[in-house]
Amino acid sequence: MEPSKSSPVRFSDIAEAPTQPTTTRVQSQQSVSTSSDNSMIRMWRQCSYWWSTALLLFATFVVIYGIAKQWNNPPWAQTRSHPVFEIAIFLALLFWIALLEGCQISIVGLQAVDMRPYEHSHPRAYRCSELVHDGANVERFLVGRQFLLLFSGFLVTRIGGAKTESFYIGDWEWSSEASQVFWFNSVLLTIVIIVPGQLVTQLVASDKMLGFLNLPFAPFWTVVMPCLAIESIGLLHSTYLLKDILCWAFSVDLGQRDPVKVMDKNALYYIRVGISSIILTFAGVFVIKGIFGLQTNISQGAGWDLLPGWGAFLITCVLILIMAGAEGLQVSALVLVTAQTSEIKASSPLAYRTCQLLYTGSNLQAFLVGRQFMVAIMIVLLSRATTYSGEHGTLVTGSDWGMGSQFAEVLLQSGFLGAVFVSTVAQLVTQVTASIYPASFINNRVLNVLLRIMLMFELSGIVNSCWPLAWAFNAIARLEKDPFKSLAENALERKESMGVPMKVRSESDLHQREFVNHEKVFKVSLV
């Protein structure tokens, strides 16, 4: 098997043995069991496609119905808007979130691919790649994209979120407990955000990276340019400073970085970092003030209003730490799936064990689903925690330190300052760090435990409607198989090199089903 020339790490752990038509076996020093081998779990997953799709349809109806009745909580005065307008904005933002999610998978996954042969066959993908894969632009893209994604998520949470604590449809009035859990605390809204807004495009792009980026939604103008433009403003340059501090604190070897991706740190760079750090500090002060002063939405509603300020702050810190780990883990998974990882075992043994779990069976795609479920929950909760309650610039309690009603309405109640703070502290720092030092980032037990929790989320089946929707998307778009190794095929190589069960999928599969390859036997020796 020929190692990829673009991968920075070498391995020579795989030796292909002659074909044995009667016996297929993987020899390894360590066997890893997979949940897909359990018939009961396979049956549960098949059933979950049906009931999860029904749950998604019901959740979508409830959210749209609530917006139509103007029981929602947008960051503007509803006396100046119409339900049709709010539904249109809600759906448009959800569509943009889907594009941001899918394009990230394609752009990160295509880093190691020479795009010149596809200039004419995939012109949109080539144009995006030519710009975003130049120098440190992937890092810049991730920074700009994450802010746009999070701020859009905050707005979707506000527009589709509940303002009233009770919910009814005609004569069907929900109990207070059901209204609190499913309506007021945005459980059904979270499902709507996760499945059509995030998971479907992620799953399609992970299987057809080049084809997705070449779809006719003008990715260069709708995704790449807005992300790079937001980053160029300098609003989020404090991310790079925090990344450097994080690398210093955890003694990350800076020599691991590809010199081509090193950002030019000139005078303008440091000016932007300084301004951005001031803005981040300003945003952080107001977010922390609002949490301790019970001014944000996390202190509103039954049960939440019993939280003291310090309790709300502790919950917010835990949510930020979970999101930070989940974001960095995803980037590490996408980078390492196209890298060759034999040397990881010696230099980063904990990262090696995490990779074994991640690339076992169907765990890579299950991880994408479970991670997105976890992150979406964090976004909804952090939106409540960092967005000030009230409307028209009037706060429910406390003051805005004399900043004025327009400041409160535009920056505090819209969630803008909260988005700046959360996107930098909880997402961008770990994403950028993991994109540069993928193995070092996951070389700890905490992220291994977090990965297992994400796999359990996927196994629950709550958002498994993403799979039928991904199949439908793929069938309608008629995306062709990438003319190079996809993320799934690269994951198979990781299995070979790491001694985990060797399985392959049929070309048309976008989901968990895998079939044993009876044509090849791989002898795997773990160094």
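What's counted below: heavy atoms across the whole structure, side chains too, no hydrogens, waters or symmetry copies.
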(message) Between Phe141 and Ile230, is there a side-chain heavy-atom distance shorter than 4.5 Å?
(response) no
(request) State the SG-CH2 distance between Cys128 and Trp221, to the nearest 0.5 angstrom. (result) 10.5 Å
(request) Answer yes or no: is there a donor N or O on one side and an acceptor on the other, between the side chain of Ser332 and the main chain of Pro438, under 3.5 Å? (result) yes
(message) Using modelled atom types and a 3.5 Å cut-off, is there a donor and acceptor pairing between side-chain atoms of Arg124 and backbone atoms of Asn214?
(response) yes
(message) Counting C-beta onward and ignoring hydrogens, is there a side-chain heavy-atom pair between Val224 and Ile107 closer than 4.5 Å?
(response) yes
(request) Report yes or no: does Thr201 contribute a side-chain atom to a donor-acceptor pair with the main-chain N or O of Ala98 at less than 3.5 Å? (result) yes
(request) Enter the distance from Met374:CE to Ile194:CD1 here, rounded to the nearest 0.5 Å. (result) 11.0 Å
(request) Tell me, please, which residues at least two apart from Gln104 pass side-chain hydrogen bond (donor to acceptor under 3.5 Å, both in side chains). (result) Arg145
(request) Determine whether the side chains of Thr387 and Asn297 contain a donor N or O and an acceptor N or O closer than 3.5 Å. (result) no
(request) Can you measure from CD1 (Ile191) to CG (Leu55) and round to the nearest 0.5 angstrom? (result) 4.0 Å
(request) Report the relative orientation of the aromatic rings in Phe167 and Tyr65; use parallel for angles under 30°, tilted for 30 to 60°, perpendicular for over 60°. (result) perpendicular
(request) For side chain to side chain contact (heavy atoms under 4.5 Å, CB included), just list the numbers for Phe373 and Val195, CA-CA rounded to whole Å, side-chain angles, deciding distance to a tenth of an Å, and then say yes or no. (result) CA-CA 9 Å; Phe373 189 13; Val195 178; over 6 Å; no
(request) Might you confirm whether atom CZ of Phe58 has over 12 heavy atoms from other residues, nucleotides or ligands at distances under 6.0 Å? (result) yes
(message) Less than 4.5 Å apart, side chain to side chain, heavy atoms only: is that true for Trp71 and Lys163?
(response) no
(message) Using side-chain heavy atoms (C-beta onward) and a distance below 4.5 Å, is Leu215 in contact with Leu479?
(response) yes
(message) Hydrogens and angles aside, do Ser52 and Asn464 bring a side-chain donor and acceptor to less than 3.5 Å of each other?
(response) no
(request) Starting from the C-alpha separation in whole Å, work towards a yes-or-no answer on side chain to side chain contact (heavy atoms under 4.5 Å, CB included) for Phe220 and Leu131. (result) CA-CA 9 Å; Phe220 185 84; Leu131 175 61; 3.7 Å; yes
(request) Salt-bridge test for Arg371 and Glu458: reply yes if a basic N is under 4.0 Å from a carboxylate O, no otherwise. (result) no
(message) Side chains of Trp471 and Tyr49, heavy atoms from C-beta outward: is any pair under 4.5 Å?
(response) yes
(message) Is the ring pair His122/Tyr118 parallel, tilted or perpendicular, if the boundaries are 30 and 60 degrees?
(response) perpendicular
(request) Look up atom OG in Ser106 and atom CD in Gln111, then write down how far apart they are to the nearest 0.5 Å. (result) 12.0 Å
(message) Consider side-chain contact (heavy atoms from CB on, under 4.5 Å). Of Val369, Val204, Ile193, which one does Leu199 pass it with?
(response) Val369
(request) Using the six-membered ring wherever Trp is involved, compare the ring planes of Trp51 and Trp44 and label them parallel, tilted or perpendicular (cut-offs 30° and 60°). (result) tilted
(message) Would Leu155 and Phe151 count as a side chain to side chain contact (heavy atoms under 4.5 Å, CB included) here? Give the steps.
(response) CA-CA 6 Å; Leu155 289 177; Phe151 187 52; 3.9 Å; yes
(message) Whether the side chain of Asn73 engages the backbone of Gly161 through a donor-acceptor N/O pair (distance < 3.5 Å, no angle test) should be reported.
(response) no
(message) Are Val200 and Trp467 packed together at the side-chain level, in the sense that at least one heavy-atom pair is separated by less than 4.5 angstrom?
(response) no
(message) Check whether Ser48 reaches the backbone of Arg45 with its side chain - one donor and one acceptor, N or O, closer than 3.5 Å.
(response) yes
(message) Within the supplied structure, the quantity of interest is the number of heavy atoms (other residues, nucleotides, ligands) at a distance under 6.0 Å from Phe182 CZ; does it exceed 12?
(response) no
(request) Answer with yes or no whether the side chains of Arg140 and Asn137 bring together a donor and an acceptor at under 3.5 Å. (result) yes
(message) Just so I know, are the side chains of Leu142 and Val108 near enough to count as touching, which here means a heavy-atom distance under 4.5 Å?
(response) yes
(message) Check whether Asn72 reaches the backbone of Ala162 with its side chain - one donor and one acceptor, N or O, closer than 3.5 Å.
(response) no
(request) Give, for atom CG of Asn448 and atom OG1 of Thr354, the distance between the pair rounded to the nearest 0.5 Å. (result) 4.0 Å
(request) Search all heavy atoms of Leu358 against all heavy atoms of Ala333 and return the closest pair with its distance. (result) CD2-CB, 3.3 Å
(message) By the definition side-chain contact (heavy atoms from CB on, under 4.5 Å), identify the one residue from Thr316, Leu319, Ile379, Leu150 that meets it with Val422.
(response) Leu150
(message) Strictly distance-based, threshold 3.5 Å: is any side-chain N or O of Ser175 a donor or acceptor partner for the main-chain N or O of Ala178?
(response) yes
(request) Show your reasoning for whether side chain to side chain contact (heavy atoms under 4.5 Å, CB included) applies to Phe473 and Leu469. (result) CA-CA 6 Å; Phe473 187 111; Leu469 291 179; over 6 Å; no
(message) I'd like to check Glu139 versus Glu231 (side-chain heavy atoms, cut-off strictly below 4.5 Å). Are they in contact?
(response) no
(message) For the backbone of Ala324 and the side chain of Thr430, can you confirm whether one donor and one acceptor N or O come within less than 3.5 Å of each other?
(response) yes
(message) Using a 3.5 Å distance criterion without hydrogens, assess whether the side chain of Ser129 forms a donor-acceptor pair with backbone atoms of Ala125.
(response) no
(message) Tell me which pairs pass ring pair (Phe, Tyr, Trp, His ring centres under 6.0 Å) where either residue lies in residues 186-212, with sequence neighbours left out.
(response) Phe212-Phe217
(request) Nearest 0.5 Å please: distance from the NE2 atom of His133 over to the CE atom of Met115. (result) 7.5 Å
(request) Indicate yes or no for a side-chain donor-acceptor contact from Asn444 to the backbone of Leu447 under 3.5 Å, with no hydrogens or angles considered. (result) yes
